[in-house]
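Everything quoted here is computed from the prediction, not taken from an experiment.
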Amino acid sequence: MPGYDVTAHSAAKPSVVFGLLADCTTWPTWSPIDTAEIVDGEEPEGVGTIRVFRTGRNVSRERIVEMAPDRHIGYVIESGALLDYRGDILLSRTVDGGTDIRWRATFRPKTPGTGWFWRLVLTNFMRRCAQGLAAHAESVERTTRRTT
């Protein structure tokens with residue numbers, strides 16, 4: 001089954017990185033996503049929350065299926081361009097107190113034979129998400145330190 005697996009490192013603590021991931025309203029700030037909203041579920045976001053992300057004309061509806069604060073968010077896409085999509089964002093504290101971000105997923109394309117295309121597109125897109133998340137978390141942590 002096709003998929004992707006990208007990584008990034010942030011000097012920010014896992015709690016800061018996780019806080020951004022668990023609040024979809026922040027995603028347009030640090031990722032290529034245009035809009036993000038909760039369409040079913042309560043805040044704070046948790047298992048069962050359904051979120052809709054829009055990037056250009058592409059719309060995906062995802063449901064959070066696993067959540068371990070400061071460590072993991074697992075999600076499935078309920079509608080969009082792919083089938084059987086399962087994504088996991090794994091956070092691990094590093095020796096320097098920062099966070100390693102691993103963002104991976106497997107999926108099945110709706111159109112047979114296009115798995116290579118989706119792997120290429122999603123690897124590049126998700127790498128931008130992971131790198132943007134890492135950088136923005138650092139900025140948020142710096143700002144928080146200055147104001148406390």
Side-chain angles (χ1 to χ4, degrees), residues 1-140:
M1 194 171 334
Y4 61 84
D5 194 338
V6 299
T7 59
H9 175 76
S10 179
K13 294 180 225 168
S15 60
V16 175
V17 176
F18 185 84
L20 294 170
L21 281 170
D23 178 359
C24 74
T25 64
T26 71
W27 289 48
T29 304
W30 51 263
S31 77
I33 291 170
D34 296 326
T35 65
E37 64 181 316
I38 296 173
V39 294
D40 191 12
E42 298 179 15
E43 292 186 37
E45 296 169 39
V47 173
T49 299
I50 298 174
R51 311 184 291 184
V52 171
F53 296 96
R54 288 179 180 81
T55 305
R57 294 185 332 203
N58 296 315
V59 178
S60 67
R61 178 184 172 100
E62 73 174 39
R63 181 171 17 103
I64 298 173
V65 294
E66 286 186 62
M67 186 175 274
D70 303 344
R71 295 191 324 256
H72 176 227
I73 292 180
Y75 61 99
V76 294
I77 291 186
E78 295 187 329
S79 65
L82 303 166
L83 304 170
D84 302 326
Y85 184 106
R86 165 62 193 240
D88 290 281
I89 308 164
L90 304 158
L91 307 178
S92 42
R93 181 179 286 280
T94 58
V95 198
D96 66 357
T99 307
D100 281 336
I101 302 163
R102 182 177 185 195
W103 203 319
R104 64 183 184 190
T106 56
F107 54 84
R108 193 166 50 89
K110 283 184 179 177
T111 306
T114 61
W116 66 271
F117 169 78
W118 287 109
R119 176 180 293 140
L120 179 67
V121 168
L122 289 172
T123 296
N124 289 327
F125 185 86
M126 301 318 282
R127 183 174 293 120
R128 288 174 58 203
C129 287
Q131 291 170 344
L133 171 63
H136 189 66
E138 290 174 10
S139 173
V140 166

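- Residues satisfying the ring pair (Phe, Tyr, Trp, His ring centres under 6.0 Å) criterion with Tyr4, sequence neighbours excluded, are absent altogether.
- At least one side-chain heavy atom of Leu21 sits under 4.5 Å from a side-chain heavy atom of Trp103.
- You'll find the side chain of Arg63 reaches within 4.5 Å of the side chain of Val65, heavy atoms only.
- Here the side chains of Ile73 and Phe18 are in contact, with some heavy-atom distance below 4.5 Å.
- Side-chain contact check for Leu122 versus Phe107: some heavy-atom pair is nearer than 4.5 Å.
- Between Arg86 and Asp84 no salt bridge is recorded (no basic side-chain N to carboxylate O distance below 4.0 Å).
- Rounding to the nearest 0.5 angstrom, the gap separating the CG atom in Asn58 from the OG atom in Ser60 is 8.5 Å.
- Scanning all heavy atoms of the two residues, the minimum distance from Glu45 to Cys24 falls at OE2-N, 2.7 Å.
- Glu62 CD to Glu78 CD: the interatomic distance, rounded to the nearest 0.5 Å, is 9.0 Å.
- At distances below 3.5 Å, not a single donor-acceptor pair connects side-chain atoms of Arg71 with backbone N or O atoms of Leu91.
- Panel note: side chain Thr49, backbone Gly46; a donor-acceptor pair is recorded below 3.5 Å.
- Ring geometry for Phe53 against Trp27 counts as tilted: the plane angle lies between 30° and 60°, on a 0 to 90° scale.
- When all heavy atoms are compared, the tightest approach of Glu66 to His72 is OE1-CE1, 3.4 Å.
- A 4.5 Å side-chain heavy-atom check between Arg104 and Met126 finds every atom pair outside the cut-off.
- To the nearest 0.5 Å, atom OG1 of residue Thr29 and atom CG of residue Leu133 are 11.5 Å apart.
- Put simply, the side chain of Thr7 does not reach to within 4.5 Å of the side chain of Asp100, judged on heavy atoms.
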Dump the intermediate steps for side chain to side chain contact (heavy atoms under 4.5 Å, CB included) on Leu82 and Ile77, then the final yes or no. CA-CA 8 Å; Leu82 303 166; Ile77 291 186; 5.6 Å; no

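- Taking every heavy atom of both residues into account, Thr35 and Pro28 meet most closely at CA-CG, 4.0 Å.
- A pairwise comparison of heavy atoms in Ala137 and Val17 identifies CB-CG2, 3.7 Å as the closest pair.
- Residues Cys129 and Pro32 meet the side-chain proximity criterion, which asks for heavy atoms closer than 4.5 Å.
- To the nearest 0.5 Å, atoms CG (Asp5) and CZ (Arg119) are separated by 11.0 Å.
- For the atom pair OG1 (Thr99) and NE2 (His9), the distance works out to 7.5 Å, reported to the nearest 0.5 Å.
- For the atom pair CG (Asp34) and CZ (Arg57), the distance works out to 12.5 Å, reported to the nearest 0.5 Å.
- Partners of Thr94 by side chain to side chain donor-acceptor pair (under 3.5 Å), not counting sequence neighbours, listed by chain and number: Asp96.
- When all heavy atoms are compared, the tightest approach of Val59 to Val52 is CG1-CG1, 3.7 Å.
- Closest approach of Arg54 to Ile33, counting heavy atoms only: O-CG2, 3.6 Å.
- The side-chain heavy atoms of Phe125 and Val6, taken from C-beta on, include no pair separated by under 4.5 Å.
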